Amino acid sequence: MIASIVRDAFKKAIADGKLPACDIPDVKVEYPKEQKFGDYSTPIALESSKILRRSPMDTGAVLKDYIEKSEIISEVEVARPGFINVFLSFDHIYGNMHSILSDPENCGRSVKDRPRRINVEFVSANPTGPLVIVSARAAALGDALANLIEMSGDIVEREFYVNDYGNQVDLFGKSVLARMREIQGKPFVFPEDGYQGEYVRDIARKILDECGPELDAITGEVDLITAVAQKAIDHNIATQQRDMHEFNVDFKTWFRERKLHENGDVMAALDFLAQRNVIYEQDGKKVFSSTAYGDDKDRVVVRDDGRPTYLLADIAYHLDKIKRGYDLILDIWGPDHHGYIARLSGAMTAMGHGGDSFRVLIAQQVNLIMEGEAVKMSKRLGKFSTMRDLIDEIGVDVARYFFTMRSMDSHLDFDLALAKKESSENPVFYLQYAHARICSLFREAEKRGVTYDPSKCRKEYLDNPEGIALMKLMLKFNEEIVDAAQACEPHRMCSYLMKLAQSFHRFYTDHRFLSDDREQTNSYLTLADAVKAVMKQGLRIVGVSAPERM
RNA sequence: GUGCCAGUAGCUCAGUUGGACAGAGCAACGGCCUUCUAAGCCGUGGGUCAGGGGUUCGAAUCCCUUCUGGCAUGCCA
């Protein structure tokens with residue numbers, strides 16, 4: 001918004017001959033850290049000094065006159081090296097507060113003329129075991145990002161890719177079958193590198209209870225393994241779906257890899273690539289020339305025995321997504337897959353869906369810390385190693401906030417003892433408290449018989465530093481959402497909410513909401529009402545509840 | 001060996017695509033409740049932005065290099 005005002009000012013200045021004609025550079029708009037530098041600031045005059053061959057201060061002075069003509073701006077300043085600082089008018093920020101209240105449920109939502117359709121795939125954990133902590137992080141980040149994209153005016157679909165096919169699945173089936181026989185007291189051989197966890201026994205027990213006779217009817221060992229694997233996988237997927245739902249993450253699609261193999265899509269993807277001349281044959285294998293797209297080496301997609309590799313199935317999966325016509329395909333992967341980006345994005349480019357229309361984000365690893373020591377969460381399942389344990393221990397709100405509050409490419413040390421022990425010092429509660437406090441204000445107001453009518457709000461009462469700070473923050477809500485969605489950085493929403501809560505608590509201590517002055521009380525309540533709406537919306541985006549009392 | 005991520009206050013981390021004196025939370029210390037929720041507010045201390053070069057009006061941010069930690073480097077998924 002500010003950017004376009006500045007750009008227009010630039011254009012007009014050129015048209016009037018006040019500035020030499022030139023290509024207008026991109027207008028960058030910043031939010032100065034200090035209030036004295038304005039609400040927005042642009043270094044455009046500094047950056048264009050070379051092109052224009054004018055001093056930044058002169059350019060700034062010229063632009064100032066043009067920018068000042070906008071209604072939403074109260075003042076424009078040109079500061080020393082050549083920054084143009086813009087101050088918003090009080091009426092503008094005050095008016096924005098009222099538009100929030102006119103439709104609180106939709107505050108922060110932007111509407112686009114041509115919304116993009118975006119697919120966000122995340123978590124996609126193997127169905128061979130329970131969800132672990134890093135899945136929880138991916139879930140929190142992916143869902144928050146999807147919420148942000150939605151709020152920024154695009155259409156989003158959440159998707160979970162289920163790898164229910166291949167060697168790992170067979171191995172899992174063999175492991176469960178072995179445990180079933182063990183339980184029955186029959187002779188059994190536990191597969192080498194099989195799945196060790198105690199949960200395998202639990203699943204074996206469950207399958208025996210529920211499908212014993214059905215499985216007894218199967219005679220061939222291979223068929224039996226396949227059948228057991230499918231039962232076990234289905235069981236795990238059901239568990240994962242339940243866990244995700246409890247984590248407030250609901251996927252539109254749980255996409256089964258097996259389907260791709262069964263209906264021939266995997267081999268069709270090979271043909272599709274072959275038509276684009278990026279497949280060659282070597283020693284009876286089919287190889288994708290991914291080095292042409294910056295990969296370290298070419299990748300085998302079909303083995304010499306004719307079986308496709310995982311990569312080919314993944315390519316087929318992404319081809320399926322391409323065919324569904326998304327404008328943008330977003331994948332969030334775990335840290336152990338970053339070496340995989342080059343080959344898949346190479347395939348995407350080969351299939352005509354590269355560049356800006358495909359993006360892989362890596363959710364970095366999480367180290368669970370207990371009493372200063374990292375908890376190992378590999379084979380043997382110790383306590384707190386699963387997502388389930390985590391939710392049971394610290395709750396959904398705290399978990400979702402903690403996983404979202406950091407940028408996704410930073411490794412996260414998650415101190416469980418701290419998250420639990422100091423739960424009252426938790427940033428999550430700080431935010432929720434702000435919301436609950438406002439709800440409490442309205443309860444108290446009602447008890448005292450105060451009539452609240454936002455249309456009778458008087459702006460003079462909010463024309464103070466604390467009120468202005470709050471209203472300005474609320475004005476920024478939309479931009480913050482759009483920026484965070486664009487950058488794929490959901491953690492920004494957490495910082496924003498922190499500032500909003502801080503600002504509210506400040507106002508609360510400095511101003512008495514419920515007083516004998518009825519006009520003032522009504523005006524203050526109007527402000528609180530708007531803050532409540534924004535806070536609730538922001539918390540919803542992050543996936544945290546907004547309690548009415550604490 | 002090569003690639004990716006990270007290295008910022010005692011701890012966990014932000015730092016808005018190169019901007020103005022480097023920030024927040026927690027921890028520490030000192031203040032603030034007869035009145036709307038003190039799960040709050042105010043203040044103080046705390047830094048060689050891992051080290052070294054470079055690019056320019058300007059660098060925590062970009063380039064080169066060294067060091068440290070983690071991950072990856074399968075025709076597993």
Side-chain angles (χ1 to χ4, degrees), chain A residues 28-34 36-37 41-43 46-47 49-50 56 79-83 85 124 126-128 163-169 171 193 257 283 285-287 296-297 299-305 307-314 334-342 362 364-365 367 369 402 405-407 409-415 418 422-430 432-434 436-445 447-448 450 479-480 483-484 487 489 491-492 494-495 498-499 501-502 504-515 521 524 528 549-550:
Chain A
K28 276 182 243 165
V29 176
E30 290 149 11
Y31 313 117
K33 276 173 277 187
E34 283 193 68
K36 68 174 174 183
F37 294 131
S41 171
T42 175
L46 284 164
E47 286 170 349
S49 63
K50 274 187 186 162
R80 256 148 290 141
F83 290 104
N85 300 330
S124 297
N126 284 340
T128 52
N163 302 127
D164 58 344
Y165 187 91
N167 291 345
Q168 292 301 320
V169 173
L171 184 61
D193 300 326
E257 179 186 352
D283 306 330
K285 304 161 197 165
K286 306 266 200 256
V287 185
D296 299 334
K297 57 177 180 183
R299 306 291 171 174
V300 173
V301 288
V302 179
R303 303 172 176 95
D304 50 12
D305 62 3
R307 286 157 52 233
T309 61
Y310 174 78
L311 176 62
L312 186 58
D314 213 8
D336 49 338
H337 284 68
H338 65 243
Y340 197 77
I341 297 175
I362 295 292
Q364 277 298 343
Q365 66 188 83
N367 295 318
I369 310 288
F402 269 68
M405 72 195 281
R406 307 301 186 200
S407 78
D409 47 22
S410 78
H411 304 204
L412 182 62
D413 281 349
F414 197 125
D415 192 326
L418 207 73
E422 299 183 332
S423 60
S424 64
E425 307 288 334
N426 225 304
V428 189
F429 296 107
Y430 182 79
Q432 292 181 318
Y433 181 57
R437 219 176 191 186
I438 295 170
C439 293
S440 167
L441 272 178
F442 278 94
R443 280 193 300 271
E444 184 64 25
K447 208 184 293 174
R448 298 185 187 187
V450 174
E479 306 171 17
E480 208 78 44
D483 289 350
E489 292 181 348
H491 73 274
R492 291 197 200 176
C494 294
S495 319
M498 208 64 189
K499 276 185 241 161
Q502 215 158 31
F504 175 75
H505 288 310
R506 177 66 188 263
F507 189 99
Y508 186 96
T509 32
D510 287 2
H511 301 271
R512 186 154 191 86
F513 276 88
L514 308 175
S515 65
T521 298
Y524 282 4
R549 52 182 89 224
M550 290 172 74

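Keep in mind the model is a prediction, meaning the values are calculated, not measured. Here is how names work: the chains are called A, B, and so on, in the same order as the sequence lines, proteins then strands, and each is numbered from 1.
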Requested in this report: For residues A:Leu514 and A:Arg448, report the shortest heavy-atom separation together with the two atoms involved.
Outcome: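 It is CB-NH1, 3.6 Å.
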Under 3.5 Å, which protein N or O atoms sit close to an N or O of nucleotides 30-35 of chain B? Give each pair with its distance.
{"from": "B:U35", "atom 1": "O2'", "to": "A:Arg512", "atom 2": "NH2", "distance (Å)": "3.1"}

> Roughly how far, to the nearest 0.5 Å, is NZ of A:Lys28 from OG1 of A:Thr42?
Replying inline: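 A:Thr42 OG1 to A:Lys28 NZ: 8.5 Å, rounded to 0.5 Å.
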Between A:Arg307 and A:Asp305, is there a side-chain N and carboxylate O pair less than 4.0 Å apart?
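A salt bridge links A:Arg307 with A:Asp305.
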Could you pull out the protein-nucleic contacts involving nucleotides 54-60 of chain B (nitrogen or oxygen on both sides, under 3.5 Å)?
{"from": "B:C57", "atom 1": "OP1", "to": "A:Lys50", "atom 2": "NZ", "distance (Å)": "3.4"}

Where do A:Arg492 and A:Asp483 land on the side chain to side chain contact (heavy atoms under 4.5 Å, CB included) test, with the steps shown first? CA-CA 9 Å; A:Arg492 291 197 200 176; A:Asp483 289 350; 3.5 Å; yes
**Message:** Quick check for you: among B:U16, B:C42, B:U37, whose closest atom lies nearest to any side-chain atom of A:Arg506?
**Reply:**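 Taking heavy atoms from C-beta onward, the closest nucleotide is B:C42.
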Output yes if the stacking criterion (under 5.5 Å between centres, under 30° between planes) is met for A:Tyr430 over the base of B:G25, else no.
->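 No.
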| query | Cation over ring, A:Arg437 on A:Phe504, under 6.0 Å and within 45°? | reply |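 No, cation not above the ring by the 6.0 Å, 45° rule.
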Q) Between A:Phe513 and A:Tyr524, how do the two ring planes meet: parallel, tilted or perpendicular, split at 30° and 60°? A)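 A:Phe513 and A:Tyr524: perpendicular rings.
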Check: A:Ser407 side chain, B:A14 base, donor-acceptor under 3.5 Å =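 No pair found.
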*asked:* By the 4.0 Å heavy-atom rule, please label A:Thr309 as base, sugar-phosphate, or nothing.
replied: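 The residue A:Thr309 makes sugar-phosphate contact but no base contact.
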Per-nt protein contacts along nucleotides 68-73 of chain B (heavy atom under 4.0 Å; B base, S backbone sugar-phosphate only, - none) come out as -BBBS-
